[in-house]
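Data block below; observations after.
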Amino acid sequence: MEENPTLDSTAWGSSNGWLAPREARGGRSLSSVLNELPSAATLRYRGPGVLPWGTPEEEEEEDGGRSRQAFAEATQMELQDPHPSRELPWPMQARRAHRQSHARDQLVHGSGPRMDQLARLLWRSKEKTKEGLQRLQPWAWTLKRIGGQFGAGTESYFSLLRFLLLLNVLASVLMACMTLLPTWLEGAPPGPPGLNTSSPCGFYDPHSQGLVTFDTQLFNLLSGEGYLEWSPLFYGFYPPCPHLAVTYLCWAFAVGLLCLLFILHRSVSGLKQTLLAESGALTSYSHRVFSAWDFGLCGDVHVRLRQRIILYELQVELEETMVRRQAAVRTLGQQARVWSVRVLLNLLVFALLGAAFYGVYWATESTVELQETPLVQETPLLKLGVNYLPSIFIAGVNFVLPPVFKLIAPLEGYTRSRQIVLILLRTLFLRLASLVVLLFSLWNQITCGGDAEAEDCKTCGYNYKELPCWETLVGQEMYKLLLFDLLTGLAVALLIQFPRKLLCGLCPGALGRLAGTQEFQVPDEVLGLIYAQTVVWVGSFFCPLLPLLNTVKFLLLFYLKKLTLFFTCSPAARTFRASTANFFFPLVLLLGLAISSVPLLYSIFLIPPSKLCGPFRGQSSIWAQIPESISSLPETAQNFLFFLGTQAFAVPLLLISSILMAYTVALANSYGRLISQLKRQRETVSPGGSLRGTPWGTLKGIGGEGCLTSTSLCLRRRRIKSFWHGALWR
C-alpha cells in the first residue's frame with residue numbers, strides 16, 4: 001500500500017518524525033478533537049459551561065480560545081437538546097436545574113399535554129415533600145459525625161434510637177387524641193369505688209388516708225401507687241363510657257399496627273443492603289472505591305468524616321475475609337474440634353439462662369409474701385426495695401450475663417458480624433425471656449394459676465382479694481421497669497463510665513492501664529433499647545402515658561449516650577458490617593413487638609376485666625365491648641362488618657393473596673435469573689478478572705492498560721487512583 005505524500009507533508013514537519021509546530025501543521029488541536037469523543041462526556045460532570053478536567057492550561061491563547069469557543073458551542077447544543085434531562089452527561093444538580101427550567105418554559109408556552117403537566121407537577125410536589133421530610137429528620141449531622149468517628153455500627157444504634165423516638169411520639173399523639181381528649185370531653189371522671197360500694201368483688205380505694213409524709217410521696221412516685229394509681233397514668237382511672245371504651249381499644253390496635261408497618265418498612269430497606277452485602281456482588285471493594293465517595297462534599301471536616309467511614313467499611317470487609325479464608329482451609333479434625341467447642345459453650349449458655357429465669361420467677365413470686373412481713377411494712381426504704389425486687393433482679397441479670405456472652409462469642413470461631421448476631425440473640429433471649437417470666441408470674445397471681453374454680457377467682461374470674469384492679473398492677477410493674485431502667489442508665493454513666501475515664505486519663509501508670517479505654521458496646525446498647533421498647537408495648541394498654549414517658553426517657557438517653565460516646569469512649573478496635581445492623585436490629589425489634597402482643601391479646605380476649613376500675617368494668621371480657629358497640633350501628637354497617645369475619649370474605653382474600661404471592665415469587669425468580677446471566681456476561685467481558693478480588697487489583701485497572709481510549713479520561717483515572725491511595729492510607 002502506497003503512502004500518502006499529502007499526509008506525510010502535513011502531519012510530519014521533518015524527516016526525523018517529530019511533530020511540526022502547531023502553526024505549521026494547521027488543522028484542529030488534540031484537545032478539541034478529544035472533546036468531541038463520547039468519552040469526553042464523562043468529564044463534564046462539573047456542570048454545563050465549565051471546562052472539563054484534563055484541559056491543558058499551557059496551550060497557546062489562540063488555540064485555547066478556539067477550544068473554549070468549541071466547548072461553549074457544544075454546551076449550548078446540549079442545552080437545546082430535546083432529549084430528557086437524565087440522558088445528559090451532567091451531575092444530578094445540573095440535571096435537576098435543567099428539568100425545572102424546561103418545565104417552566106413548557107408552562108409559559110403552554111406546550112405538552114395537560115395530563116403530562118399535571119403528572120410532572122405531582123411528581124415535583126412529591127420530591128419536594130420528600131426533601132422537606134429529610135430536612136426535618138433530627139440529629140442528621142450528629143449521626144453523620146458519629147458514623148465518621150466511631151463507625152457505621154455505632155451510628156446504627158443512634159439511628160435506631162431516633163426511629164424508636166418517632167414511634168413513641170406517634171403513639172403519644174394517638175393516645176392524647178383517642179383517650180385523653182374523649183375523657184376530658186366527658187367531664188370530670190368519677191373517683192374510685194370506696195368502702196360503701198356493694199359489689200361481690202369487694203372494694204377498691206387506692207387513695208392514702210390521713211397525712212402523707214414525704215417518704216410516702218417519694219415511694220408513691222417511684223412505685224406508681226397512692227396519688228398516681230388513680231390518675232390518667234394508669235388504666236383504672238378511665239370511666240366506663242361506651243365510646244371511650246371503643247376508642248381506648250382502637251388506640252391500642254392502631255398503635256400496634258402502625259408500629260408493625262414502620263418496622264416492616266425499615267426492615268425491608270435494610271434487607272436490600274444486607275442482601276447486596278452478603279451476596280458477594282458488592283464485596284469486591286470496587287464499589288467503595290468508585291461509588292462510595294461524595295463529590296459534593298465541602299470542607300475538610302466532611303471530607304475526613306467520609307474518609308473514616310470508608311476506611312471502617314474496608315476494615316470490616318478485610319477482617320471478615322480473613323476469617324472466611326481461615327475457615328476454608330480447616331481440616332476435618334480442626335472442624336470437629338471447633339464444633340465440639342461450640343456445643344459445650346452453648347450448653348453453658350443455656351445453663352446460665354435457665355438459672356436467670358428461675359431467679360426472676362422466684363423474685364416475682366416472693367414479692368407478695370415479703371411485702372406482708374412487719375419489718376418491711378415498718379421500713380419505707382426496705383418496702384421500696386421489696387417492691388422493686390423483680391426489676392432489680394432483672395436488671396442485675398441483664399448486667400452480669402451479657403459480658404459473659406461477649407467473652408464466649410470469640411471462642412466459637414465466627415466472623416465479627418456473626419459474633420454480633422450471636423451476642424444479640426443471646427442477650428435478646430435473656431432480656432425478653434426475663435420479661436416473659438415476669439408476665440407469667442403476674443398471670444399466675446391474677447388467674448390463680450389458671451384455675452377458674454379456685455376460691456379467690458371463682459366469684460369474679462380473677463383474684464379480686466389481692467388484686468382488685470389487676471390491669472393497674474400490670475401497668476405499675478411496667479412503669480417500675482421503665483423507671484428503674486432509666487435510673488440504672490444514669491447511674492452507670494455518672495458513677496462508672498465518667499469516673500473510669502478520669503481514672504484512665506489522670507493515672508497513666510498501672511492503675512490507668514487497669515481501668516483501660518472504654519468502647520461503645522453496640523450489642524448491649526441496642527438490646528437495651530429493644531427491651532425498653534418491648535416493656536412499653538406490653539404496658540401501654542395498662543399504662544396509657546407510658547409512651548410519653550418513654551419519649552422523655554429516649555430524649556435524655558440520646559444526649560447522655562452522645563456525651564458518653566464523645567467524652568469517655570474510643571473508636572472500637574473491631575467493627576462490624578452496617579448492613580447487618582440495618583436489617584438485624586429492626587428484625588429483633590419486630591420480634592419484641594410480636595412477643596409483647598401475646599400477653600396483650602390474651603388479656604383482651606380471655607381474662608375478665610376488673611369490675612371496680614377501667615373503661616371495660618362490667619363486661620365479660622374486654623373484647624365484648626366491640627360486638628356490643630357494633631350492634632348499635634345501622635343494619636347495613638352491621639352486615640358489612642360481620643361479613644368481614646365470615647368465610648365468604650376470608651377464602652377469596654386468601655386465594656387472591658396466594659395468587660399475588662405466587663406471581664411475585666415467579667417475577668423475583670425471573671429477575672434473579674436475569675441478574676445471574678448479566679453477572680456471567682460481565683465476568684466474560686471484564687478485563688483483569690484475576691485482580692477483581694482485591695482492592696488494589698481494582699485500582700491497578702485505573703490508569704493502566706485500559707487508558708487507550710482518551711488521554712483526558714486516562715488523566716482523570718490516574719487522579720482518582722492517586723486520590724484513593726492517599727485517602728485510604730492517610
Side-chain angles (χ1 to χ4, degrees), residues 167 170-183 185-186 235 238-268 443 447 452 461-462 471 537-538 540-542 544 547 589-611 614-668:
L167 293 183
L170 183 62
S172 302
V173 172
L174 289 177
M175 180 270 303
C177 296
M178 301 179 67
T179 303
L180 287 180
L181 188 60
T183 303
L185 292 178
E186 291 287 341
Y235 164 92
Y238 296 92
C241 301
H243 299 293
L244 177 61
V246 174
T247 56
Y248 194 98
L249 195 58
C250 291
W251 162 74
F253 284 111
V255 169
L257 181 60
L258 288 177
C259 291
L260 177 63
L261 294 178
F262 276 101
I263 295 173
L264 286 177
H265 180 268
R266 188 178 178 89
S267 301
V268 170
W443 169 84
T447 62
Y462 62 94
E471 296 92 346
W537 282 330
V538 171
S540 59
F541 184 81
F542 310 104
L589 193 63
L590 192 63
L591 179 61
L593 179 62
I595 292 176
S596 64
S597 64
V598 173
L600 179 60
L601 294 177
Y602 186 86
S603 302
I604 290 175
F605 288 99
L606 296 179
I607 302 180
S610 299
K611 302 298 188 292
F616 301 98
R617 66 185 76 172
Q619 300 289 337
S620 59
S621 66
I622 295 177
W623 180 254
Q625 183 67 43
I626 300 299
E628 182 178 337
S629 301
I630 292 177
S631 61
S632 62
L633 296 175
E635 185 177 358
T636 304
Q638 293 183 34
N639 294 334
F640 175 74
L641 292 176
F642 284 120
F643 171 74
L644 296 180
T646 60
Q647 296 180 356
F649 175 77
V651 173
L653 180 63
L654 180 62
L655 291 177
I656 294 174
S657 302
S658 302
I659 293 172
L660 291 177
M661 187 179 299
Y663 171 75
T664 305
V665 171
L667 190 64

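Of all the heavy atoms in Ser610 and Tyr462, the pair that sits closest is CA-OH, 3.5 Å. Of all the heavy atoms in Pro544 and Tyr248, the pair that sits closest is CG-OH, 3.2 Å. Residues Pro609 and Ser621 share a closest heavy-atom pair of CD-CA, 3.5 Å. Of all heavy-atom pairs spanning Thr646 and Phe642, the tightest one is CG2-O, 3.2 Å. Between Ala245 and Pro615, the closest heavy-atom pair is CB-O, 3.8 Å. Shown here for Gly461 and Pro608, the closest heavy-atom pair between the two residues is O-CD, 3.9 Å.
Remark: the backbone N or O of Met178 is paired with a side-chain donor or acceptor of Thr247 at under 3.5 angstrom. Under a 3.5 Å cut-off, the side chain of Ser596 and the backbone N or O of Leu593 do form a donor-acceptor pair. Side chain of Arg617 to main chain of Gly614: a donor-acceptor pair is present (N/O by atom type, distance under 3.5 Å, no hydrogens or angles).
Two residues are said to be in side-chain contact when any heavy atoms from C-beta on lie closer than 4.5 Å; Pro599 and Trp443 fail this criterion. Side-chain contact between Leu606 and Trp623 is absent, with no heavy-atom pair separated by less than 4.5 Å. Looking at Met175 and Trp251, their side chains come closer than 4.5 Å, going by heavy atoms from C-beta outward. The closest side-chain heavy-atom distance from Ile622 to Leu249 is below 4.5 Å. The shortest side-chain heavy-atom distance between Val538 and Ile595 does not fall under the 4.5 Å cut-off. Two residues are said to be in side-chain contact when any heavy atoms from C-beta on lie closer than 4.5 Å; Leu170 and Val255 fail this criterion. Looking at heavy atoms from C-beta onward, Leu174 lies out of side-chain contact with Thr179 at the 4.5 angstrom threshold.
Interatomic distance, CG of Leu167 versus CZ of Arg266, reported as 9.0 Å (0.5 Å rounding). Atoms CG and OG, on Leu180 and Ser172 in that order, are 10.0 Å from each other to the nearest 0.5 Å. Of the inter-residue distances, the one linking Thr183 atom OG1 with His243 atom NE2 reads 13.0 Å to the nearest 0.5 angstrom. For the atom pair SG (Cys259) and CG (Leu589), the distance works out to 8.5 Å, reported to the nearest 0.5 Å. With rounding to the nearest 0.5 angstrom, the CG atom of Leu654 is 9.0 Å from the CE atom of Met661. For the atom pair CG (Asn639) and CG (Leu633), the distance works out to 11.0 Å, reported to the nearest 0.5 Å.
Phe616 and Phe541 have parallel rings, their planes meeting at less than 30° on a 0 to 90° scale where 60° marks the start of perpendicular.
Atom OH of Tyr602 has more than 12 heavy atoms from other residues, nucleotides or ligands within 6.0 Å.
By the side chain to side chain contact (heavy atoms under 4.5 Å, CB included) test, Leu181 pairs with Leu185, sequence neighbours left out. Residues satisfying the side-chain hydrogen bond (donor to acceptor under 3.5 Å, both in side chains) criterion with Gln638, sequence neighbours excluded, are absent altogether. Scanning for side chain to side chain contact (heavy atoms under 4.5 Å, CB included) contacts around Ile659 gives an empty result, with sequence neighbours left out.
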Do Phe542 and Ser603 pass the side chain to side chain contact (heavy atoms under 4.5 Å, CB included) test, and can you show the C-alpha distance, the side-chain angles, and the key distance before you say yes or no?
CA-CA 10 Å; Phe542 310 104; Ser603 302; 3.8 Å; yes

